[in-house]
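In each ligand, atom 1 is the first atom listed, and ligand 1 is the first ligand listed.
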Amino acid sequence: MSGAAAARWRTELEAWAIPEELLAAAPESPYGFPVGMFEADPEPADTPSRRHALEALPVGGTVLDVGCGGGAGAMALVPPASAVVGVDSAPHMIEAFAAAAAARGVAHRELLGSWPEVATDAGTADVVLAHHVTYNVPDLAPFALALDAATRRRVVVEMTDVHPWVPTNDLWLAFYGLDRPSGPSAALCAEVLTAAGFTVHSESWQRPARRTDRAQTVAFVRRRLCLPVDAEPDVDAALPADYQFASRSVTTLWWDSAQ
Ligand SMILES: C[S@@+](CC[C@H](N)C(=O)[O-])C[C@H]1O[C@@H](n2cnc3c(N)ncnc32)[C@H](O)[C@@H]1O
């Protein structure tokens, strides 16, 4: 249905597969996200993603946050949102989302599972968010169609302009002599969404710096690089001082429900 762009999206994501021999030698799984890097901000910034969500969100409206992590996207909409639903494939993220919602005194529900497989259990919401999750999704069109089916008003996607691991490509070269890919991009994501039939709007912007814990970030990158814990000083030295996972150049994509 969404043809060439969707196929390119998938192929470019697949090029990020970590070589088998490195995976086999890895001291722990290189995949997964530590919750501390994705906690909801107590004072959410006024970002284009937040603004475009608020435009569509009625007072007392509902938000569904797909790939919610600790709920940074949804919690930035409380208020005016009166209820939030978080979907995530990682149990520790679901717990963090629930805790963030409870701390704000907002009605909440959590769904552990992978989107779009759990979409029917999620129900519908006024605004549906998918922030910093699309680069985990090889089959982007079905993922987006399920987001669209779940919203009564608008879907808001936030993502880095380029794949979030691109800024670590020099480290792969330094540690393994391995060239890493550069695609896909937010621009290609917009092409896939347009080909899927949505009228997609796009805004590129510079995200404020996240509060980051350097030691946690170094550990995260070290793990992704399939290296042992004792390599952390070398990773720290190789990683730019201002490195942030998910660079600050981001794009917000949004479309309105045709329903
Ligand atoms: C980089 S984090 C972003 C979290 C949050 N949206 C934010 O912007 O801070 C991506 C999250 O998406 C989750 N995730 C990845 N693929 C998913 C899928 N297909 N369905 C549900 N959750 C997914 C991961 O477990 C992780 O918590």
Which ligand 1 atoms, with their elements, are less than 4.0 angstrom from a heavy-atom of Gly69?
4 (C), 27 (O)

Contact between Val137 and ligand 1, counting heavy atoms under 4.0 Å?
no

Name all pairs fulfilling the salt bridge (Lys or Arg N to Asp or Glu O under 4.0 Å) condition that reach into residues 111-131, sequence neighbours left out, sorted by first residue then second.
Asp126-Arg152, Asp126-Arg153

Taking distance alone, with N or O pairs closer than 3.5 Å, would you say Gly67 contacts ligand 1?
yes

Taking Ala76's backbone N and O only, do any of them form a donor-acceptor pair with Asp41's side chain (distance below 3.5 Å, no angle check)?
no

Determine whether the side chain, the backbone, both or neither of His131 has a heavy atom under 4.0 Å from any heavy atom of ligand 1.
both

Please report whether ligand 1 has a polar contact with Ser89, defined as an N or O pair separated by less than 3.5 Å (distance criterion only).
yes

Identify, by atom number and element, the atoms of ligand 1 in contact range of Asn136, meaning under 4.0 Å from any of its heavy atoms.
15 (C), 16 (N)

Going from OH on Tyr31 to CG on Asn136, what distance comes out if it is rounded to the nearest 0.5 angstrom?
10.5 Å

Could you tell me if any non-hydrogen atom of Gly113 lies under 4.0 Å from any atom of ligand 1?
yes

Decide whether an N or O pair under 3.5 Å exists between Trp115 and ligand 1.
yes

Test your reading of the structure: does Asp88 have an N or O sitting under 3.5 Å from an N or O of ligand 1?
yes

Glu14 atom CD, over 12 foreign heavy atoms within 6.0 Å:
yes

Looking just at side-chain N and O atoms, do Ser49 and Thr252 make a donor-acceptor pair shorter than 3.5 Å?
yes

Please answer whether the main-chain N or O of Val166 pairs with a side-chain N or O of Arg180 as donor and acceptor at a distance below 3.5 Å.
no

Test item: side-chain donor near acceptor, Glu203 and His201, under 3.5 Å:
no

Ligand 1 versus Phe33, non-hydrogen atoms closer than 4.0 Å: side chain, backbone, both, neither?
side chain

Looking at ligand 1, does Cys68 have a heavy atom less than 4.0 Å from it?
yes

Apply side chain to side chain donor-acceptor pair (under 3.5 Å) to Asp46 and list each qualifying residue two or more places apart in sequence or on a separate chain.
Arg51

Please state which protein non-hydrogen atom is closest to atom 16 (N) of ligand 1 and give its distance, to 0.1 Å?
Val133 CG2, 3.6 Å

Measure from the side-chain N and O atoms of His92 to the backbone N and O of Phe33, and report whether any donor-acceptor pair falls under 3.5 Å.
yes

Any idea which of His132, Glu39, Glu158 brings a heavy atom closest to atom 1 (C) of ligand 1?
His132

